[in-house]
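So the structure is just underneath, and the comments pick up after that.
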Amino acid sequence: MRAIDLVTEFPTVTVDTPVIDAARLLADQDLPGLIVVDERGRPLSILPGTQVLRLAVPTYCMDDPALARVVDEAHADLFLRSLAHRTVREALPDKPRELPVSGPDATVLELAALMARTHSPLVAVVEGGSVRGAVTLQALVDRLVRG
């Protein structure tokens, strides 16, 4: 089994995509993350959904979870609205990391190792410089467990 056998079409965003649009895409399609591409459609990064969420959660709540408990739902909605003027660029890591990208001939074990090493919920499958789609953690685990 190769990456091309597990790949599915997958949405992409750019660094200038509003974070709120990225969050809607994640929610509407129940995605674990998004592929961030440059102006030529080449992968720049994988944006896990948790990184989008990180922008909506105040730092003080991440630092002290007890503070998150005292914020009621009405005020929690205000945090989500704060995403309106932010872009995907702000959700990306400061330091470049290994990019979870493979070719279509990567094996299941190569994909699993890449996901584990990069802490990514998906791997972008690239052929000829273009994104063919992605292999998600869910698809990979299903394949490994079900054989």
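Predicted, not measured: the structure shown is a model, and the values here were computed from it.
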Taking the side chain as every heavy atom from C-beta outward, state whether [X] and [Y] have any atom pair closer than 4.5 Å.
X      : Y      : result
Arg2   : Thr107 : yes
Gln138 : Pro32  : no
Val7   : Pro104 : no
Met115 : Val135 : yes
Val125 : Leu6   : no
Pro43  : Leu99  : yes
Leu122 : Ile35  : yes
Thr14  : Glu39  : no

Enter the distance from [X]:[atom1] to [Y]:[atom2] here, rounded to the nearest 0.5 Å.
X      : Y      : atom1 : atom2 : value
Asp142 : Leu137 : CG    : CG    : 9.5 Å
His85  : Ile20  : NE2   : CD1   : 10.5 Å
Asp16  : Asp21  : CG    : CG    : 12.0 Å
Arg143 : Asp5   : CZ    : CG    : 8.5 Å
Phe10  : Thr136 : CZ    : OG1   : 7.0 Å
Ser45  : Asp38  : OG    : CG    : 12.0 Å

Over all atoms of both residues, closest heavy-atom pair of [X] and [Y]:
X      : Y      : answer
Leu26  : Gly49  : CD1-CA, 3.7 Å
Ala22  : Thr17  : N-CG2, 4.3 Å
Glu98  : Thr118 : O-CG2, 3.6 Å
Val123 : Leu114 : CG1-CD2, 3.8 Å
Pro100 : Ile46  : CG-CG1, 3.2 Å

Subject >> Salt bridge present between Asp28 and Arg24 (N-O < 4.0 angstrom) >> reply: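 No, this pair does not count.
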Original post:
In this structure, which one of Val37, Leu92, Val15 forms a side-chain contact (heavy atoms from CB on, under 4.5 Å) with Leu44?
Top reply: Val15
Subject >> Residue Arg97 excluded, over 12 heavy atoms near CZ under 6.0 Å >> reply: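 Not buried by this count: 12 neighbours or fewer within 6.0 Å.
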Original post:
Any chance CD of Gln29 has more than 12 other-residue heavy atoms, nucleotides or ligands included, within less than 6.0 Å?
Top reply: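 Enclosed.
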Subject >> Hphob cluster co-occupancy, Leu140 + Leu109, side-chain heavy atoms under 4.5 angstrom >> reply: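 Hydrophobic grouping puts Leu140 apart from Leu109.
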